[in-house]
Asks: 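Have a look at this one before I ask anything.
Note that the numbering runs from 1 along the sequence shown for the chain. We count ligands from 1, going down the list as the structure has it; atoms in each ligand are counted the same way. The figures that follow rest on heavy atoms only: side chains count, while hydrogens, waters and symmetry mates do not.
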Amino acid sequence: MISSVLVLLVSFLCHYVNAGLTCPRPQEIPFSTVVPLKLNYEPGEKILYVCKPGYVSQWGTRRYTCSLNGMWPTSSMKCLPRVCPFAGILENGAVSYTSFQYPNSVNFTCNKGFYLNGTASAKCMEDGKWNPPLPMCSPITCPPPSIPNFATLKLYKPSVENSSHVQDTAVFDCLPHYAMFGNDTVSCTEHGNWTELPECREVKCPFPTRPDNGFVNYPASPVIYYKDKATYGCHETYVLDGPKEVECGKFGTWSASPTCKASCKIPVKKATVLYKGEKVNIQDKFKNGILHGEIISFFCKNKERKCSYTVDAQCLNGNIEIPTCFKEHSSWAFWKTDAADKEPC
Ligand SMILES: *[C@@H]1O[C@H](CO)[C@@H](O)[C@H](O)[C@H]1NC(C)=O
Ligand SMILES: *[C@@H]1O[C@H](CO)[C@@H](O)[C@H](O)[C@H]1NC(C)=O
Ligand SMILES: *[C@@H]1O[C@H](CO)[C@@H](O)[C@H](O)[C@H]1NC(C)=O
Ligand SMILES: *[C@@H]1O[C@H](CO)[C@@H](O)[C@H](O)[C@H]1NC(C)=O
Ligand SMILES: *[C@@H]1O[C@H](CO)[C@@H](O)[C@H](O)[C@H]1NC(C)=O
């Protein structure tokens with residue numbers, strides 16, 4: 001009887017002690033898993049903390065054993081994210097990032113004149129490597145420019161082997177007789193091509209027409225081309241109105257069409273006038289008239305104030321208007337004072 005009670009008590013105690021001394025579910029450590037994972041463990045049972053992909057263990061052991069008193073040893077272990085190689089500097093470009101740890105991404109941009117050889121973004125992967133691999137900023141270059149028809153390269157110097165950098169320029173010339181339409185200068189763009197090429201077109205001008213009372217000289221060739229020149233002149237007493245030399249322009253027209261303008265006979269026999277700031281006698285100075293465009297000033301009287309003033313008259317292609325206030329002296333009215341001799345008003 002006693003023995004049976006004892007057996008019962010001992011077995012109860014044993015059960016109690018055994019039940020009380022199992023270890024609970026182990027402490028959670030961020031970014032790790034426990035193998036094996038159970039609700040409780042017998043003393044002596046072992047577990048292993050395994051860091052999740054992309055994380056590595058640091059500080060302390062990963063293996064723990066359930067102790068006889070039913071407790072896990074305290075753990076200082078941590079699972080820290082992997083760190084990818086430094087990627088904070090991109091030559092000729094810029095990097096934006098928060099960190100180089102798994103699972104972060106960094107972004108890349110290139111400076112002006114460079115293009116991204118690679119992708120604009122890379123991610124730090126579980127294995128601690130960048131994916132895709134880090135890019136480079138390579139200089140943008142243009143191949144040699146193509147040469148428009150009827151043009152020549154006047155200025156071109158490749159800055160790298162047979163190619164040009166962004167903003168490098170090339171300058172074209174047209175062959176003789178050809179005129180340029182568009183910009184003679186092209187530059188290497190950010191797209192790796194050149195700005196729009198100019199065009200060279202053959203340009204002819206009509207023969208210049210001879211002006212009345214004058215002449216024109218031009219090349220003795222069957223065709224007059226762009227930039228050819230013609231020179232004009234007038235017969236005696238006629239004055240050229242326009243430039244002496246004209247040029248065949250890019251639109252097939254002459255830069256000007258000069259004409260010859262007639263000189264003027266002055267319908268006054270005798271008078272003192274002002275010519276280029278000097279007093280001269282018409283009868284001496286302008287016997288043969290006055291050339292087109294020239295100006296003389298006649299003297300008029302102000303009777304009340306007994307003084308004189310001047311009024312201009314210009315010869316315009318054979319016509320000159322004598323101011324109405326001007327009074328020509330009869331040659332015998334010697335007692336009258338000429339207006340030119342009076343005090344200016
Ligand atoms: C990278 O670019 C993406 C898309 O533009 C953006 O959402 C992200 O915030 C950028 N990351 C950084 C670190 O700048
Ligand atoms: C672009 O990058 C690849 C790989 O990094 C490299 O082999 C190639 O030479 C680069 N291209 C230029 C034009 O720099
Ligand atoms: C540059 O151009 C010349 C002539 O076209 C050619 O012979 C040479 O191989 C080119 N060099 C390179 C690096 O492309
Ligand atoms: C011609 O092109 C050059 C460079 O491409 C530019 O600097 C210049 O202003 C242009 N000239 C004209 C008249 O458009
Ligand atoms: C240069 O390339 C860009 C982009 O492909 C295009 O938009 C542009 O029209 C090109 N320029 C010329 C002059 O062809």
Side-chain angles (χ1 to χ4, degrees), residues 30-32 51-56 58 78-203 226 249-251:
F31 307 116
S32 72
C51 289
K52 289 185 175 168
Y55 294 84
V56 286
Q58 293 244 309
K78 280 189 160 51
C79 284
L80 297 180
R82 277 182 182 275
V83 181
C84 279
F86 179 78
I89 292 177
L90 180 62
E91 214 178 319
N92 301 309
V95 187
S96 55
Y97 61 89
T98 48
S99 87
F100 301 134
Q101 293 178 351
Y102 173 81
N104 283 314
S105 290
V106 294
N107 293 340
F108 306 99
T109 53
C110 288
N111 295 343
K112 240 174 139 50
F114 293 83
Y115 75 95
L116 200 64
N117 182 5
T119 53
S121 180
K123 188 179 175 186
C124 181
M125 304 301 282
E126 293 167 356
D127 60 359
K129 290 186 179 141
W130 293 107
N131 184 39
L134 300 180
M136 290 191 328
C137 288
S138 306
I140 297 169
T141 58
C142 290
S146 48
I147 298 174
N149 290 334
F150 313 115
T152 55
L153 257 179
K154 182 160 83 176
L155 206 74
Y156 170 64
K157 240 177 78 198
S159 45
V160 267
E161 285 229 35
N162 285 0
S163 60
S164 305
H165 281 132
V166 171
Q167 285 187 342
D168 283 355
T169 57
V171 183
F172 296 104
D173 247 352
C174 287
L175 298 179
H177 305 341
Y178 288 81
M180 184 165 295
F181 291 81
N183 198 330
D184 69 340
T185 305
V186 294
S187 51
C188 175
T189 74
E190 307 256 322
H191 304 294
N193 57 12
W194 294 88
T195 53
E196 208 173 333
L197 298 175
E199 234 184 278
C200 291
R201 296 185 209 141
E202 191 185 55
V203 171
Y226 178 58
K250 65 193 278 187
F251 298 107

Asks: What atoms of ligand 2 come closer than 4.0 angstrom to any heavy atom of M136?
Replies: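 Checking each atom against M136, I get 10 (C), 14 (O).
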Asks: Quiz question for you: does at least one protein heavy atom lie closer than 4.0 Å to atom 2 (O) of ligand 1?
Replies: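 When distances to the protein are checked, atom 2 (O) of ligand 1 has a heavy atom within 4.0 Å.
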Asks: Can you report which non-hydrogen protein atom sits closest to atom 13 (C) of ligand 5, along with the distance?
Replies: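 Here the closest protein heavy atom is W194 O, 3.2 Å.
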Asks: Does any non-hydrogen side-chain atom of S159 lie less than 4.5 Å from one of D168?
Replies: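 D168 vs S159: side chains touch.
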Asks: Which ligand 2 atoms are under 4.0 Å away from a heavy-atom of S138?
Replies: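 Those of ligand 2 that fall under 4.0 Å from S138 are 12 (C), 14 (O).
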Asks: To check your reading of the model: name the closest protein heavy atom to atom 10 (C) of ligand 2, its residue, and the distance in Å.
Replies: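 For atom 10 (C) of ligand 2, the nearest protein heavy atom comes out as N117 ND2, 2.2 Å.
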Asks: Show the numbers, then the answer: is there a side chain to side chain donor-acceptor pair (under 3.5 Å) between D173 and T152?
Replies: CA-CA 5 Å; D173 247 352; T152 55; 4.8 Å; no
Asks: Using a strict cut-off of 4.0 Å, indicate which atoms of ligand 2 neighbour a heavy atom of Y115.
Replies: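 Contacts of ligand 2 toward Y115, numbered from 1: 12 (C), 13 (C).
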Asks: When you look at NZ of K250, are more than 12 heavy atoms from neighbouring residues, nucleotides or ligands closer to it than 6.0 Å?
Replies: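 Counting other residues, nucleotides and ligands, NZ of K250 exceeds 12 neighbours.
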Asks: Check this for me - ligand 1, S105, N or O atoms closer than 3.5 angstrom, yes or no?
Replies: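 No; every N/O pair is 3.5 Å or more apart.
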Asks: Is there side-chain contact between K123 and S105, with heavy atoms separated by less than 4.5 Å?
Replies: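 Side chain of K123 against side chain of S105, heavy atoms only: contact under 4.5 Å found.
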Asks: F251 and F181: ring-ring contact (aromatic ring centres under 6.0 Å, His included), yes or no, with the steps?
Replies: CA-CA 10 Å; F251 298 107; F181 291 81; 5.8 Å; yes
Asks: Judged on heavy-atom distance to atom 11 (N) of ligand 1, which of V95, V106, N107 sits nearest?
Replies: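 When every heavy atom of V95, V106, N107 is considered, N107 comes closest to atom 11 (N) of ligand 1.
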Asks: Under 4.0 Å from atom 5 (O) of ligand 1, can you find at least one protein heavy atom?
Replies: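 No; the ligand atom in question lacks any protein heavy-atom contact below 4.0 Å.
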Asks: For the residue pair C79 and S32, establish whether any side-chain heavy-atom pair is separated by less than 4.5 Å.
Replies: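 Yes, at least one pair of side-chain atoms sits under 4.5 Å.
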Asks: Checking E190 against K112 for the salt bridge (Lys or Arg N to Asp or Glu O under 4.0 Å) test, could you report, in this order, the C-alpha distance in whole Å, the side-chain angles of both residues, the deciding distance, and whether it holds?
Replies: CA-CA 8 Å; E190 307 256 322; K112 240 174 139 50; 3.8 Å; yes
Asks: So, is N193 polar-close to ligand 5, with some N/O to N/O distance under 3.5 Å?
Replies: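 The answer is yes, given that N193 and ligand 5 share an N or O pair closer than 3.5 Å.
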